[in-house]
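Below is one structure, written out as structure tokens; the observations come after it.
Whatever order the structure lists them in is the order used to number ligands and atoms, beginning at 1. Each residue takes its place number in the sequence, starting with 1. The analysis underlying the following values was restricted to heavy atoms, covering all of them including side chains, and did not include hydrogens, waters or symmetry mates.
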Amino acid sequence: MFAKVKPNTQIIGQNIIYFNRVESTNQFALELIRQNLADNGTVLVAEFQTKGRGQLNKSWISEPFENLMFSIILKHVTFQPTDPFIINKTLTLAMYNFLKRKLPEQQVYIKWPNDILVNNKKICGILVENNFSGSTLNYSVLGIGLNVNQHFEHIQHLNATSLTQYFGGELDREALLTEILETIESTFDQLSEDGPTFIENSFNAALYGYKVNAIFEIDDALVMASVSGCDKEGRLILDIEGIEKHFLHGTIKQFIAQ
Ligand code: BTN
């Protein structure tokens with residue numbers, strides 16, 4: 001499986017390592033980098049992870065042989081980011097663009113900081129692990145979990161969905177991965193060529209709740225606010241009665257309409 005993944009790219013996915021079973025593709029990627037064994041753009045794909053990692057120390061669980069779980073090693077970024085969260089934004093925007101292209105009739109949003117929702121259910125999770133020395137970015141591991149052929153209709157509490165729910169039959173995961181890697185590389189090319197502002201504006205405009213008044217939970221209180229964007233450090237900017245405030249991931253709760 002995955003032998004047919006030959007993306008039309010310069011860097012991302014020119015080398016692919018496939019695992020039937022691994023603790024975590026992000027973890028394995030970090031170890032390869034530490035041992036100086038990783039080429040820039042290497043992709044690690046797994047059918048099953050025994051310790052799949054998610055945001056905020058949560059785990060990522062996915063049925064084997066049904067979805068896509070992979071990590072990309074970025075070793076030499078051609079620019080030094082002034083924005084520590086720009087790698088995150090660029091990758092998330094790439095996945096958003098890919099899903100919007102696949103599902104043009106559906107509501108696709110980025111749920112800050114990194115989830116992608118389709119019709120208010122999570123389809124994709126992203127975990128970027130950056131290594132900085134001061135403000136110099138040494139390397140990044142970009143971890144992506146995309147629900148493809150798994151059915152979630154019977155596990156309502158997860159509030160998850162997958163591509164098959166919209167296409168009916170089974171989707172070809174090799175073809176999808178090829179297209180995703182091409183989309184990711186072209187979005188990073190856009191970052192190098194056009195600079196961060198275009199990426200930041202596109203990311204903000206795709207955020208769930210952008211410029212829409214809704215209820216948030218902040219310090220155990222319910223507050224009416226709207227999303228104005230995401231700052232350079234990755235904090236959510238909320239407009240609360242005309243005043244902008246910045247919040248770290250995990251400190252507030254944004255409700256998803258069901
Ligand atoms: C989240 O939604 O909390 C982020 C989930 C990220 C999961 C992917 S699956 C491939 C890669 N390896 C990991 O251990 N995690 C990421």
Q: Go through the side-chain N and O atoms of Ser71 and Asn26 and say whether any donor and acceptor fall under 3.5 Å apart.
A: yes
**Q.** Polar side chain donor-acceptor pair, Asn119 to Tyr166, under 3.5 angstrom
**A.** yes
Q | Flag for Glu31-Gln27: side-chain donor and acceptor within less than 3.5 Å | A | yes
Q | 4.5 Å side-chain heavy-atom contact, Lys58 and Arg53 | A | no
Q. How would you list, by chain and number, every residue that makes a salt bridge (charged side-chain N to carboxylate O under 4.0 Å, His left out) with Glu47, sequence neighbours excluded?
A. Arg173
Are any protein N/O atoms closer than 3.5 Å to the N/O atoms of ligand 1? If there are, list each pair with names and the distance to one decimal place.
unit_1	atom_1	unit_2	atom_2	d
ligand 1	2 (O)	Lys122	NZ	2.6
ligand 1	3 (O)	Gln55	N	2.7
ligand 1	12 (N)	Thr25	OG1	3.0
ligand 1	12 (N)	Gln49	OE1	2.9
ligand 1	14 (O)	Ser24	OG	2.7
ligand 1	14 (O)	Arg53	N	2.7
ligand 1	15 (N)	Arg53	O	2.7

(Q) So that I know where these two stand, are Phe28 and Phe19 an aromatic pair - ring centroids less than 6.0 Å apart? (A) yes
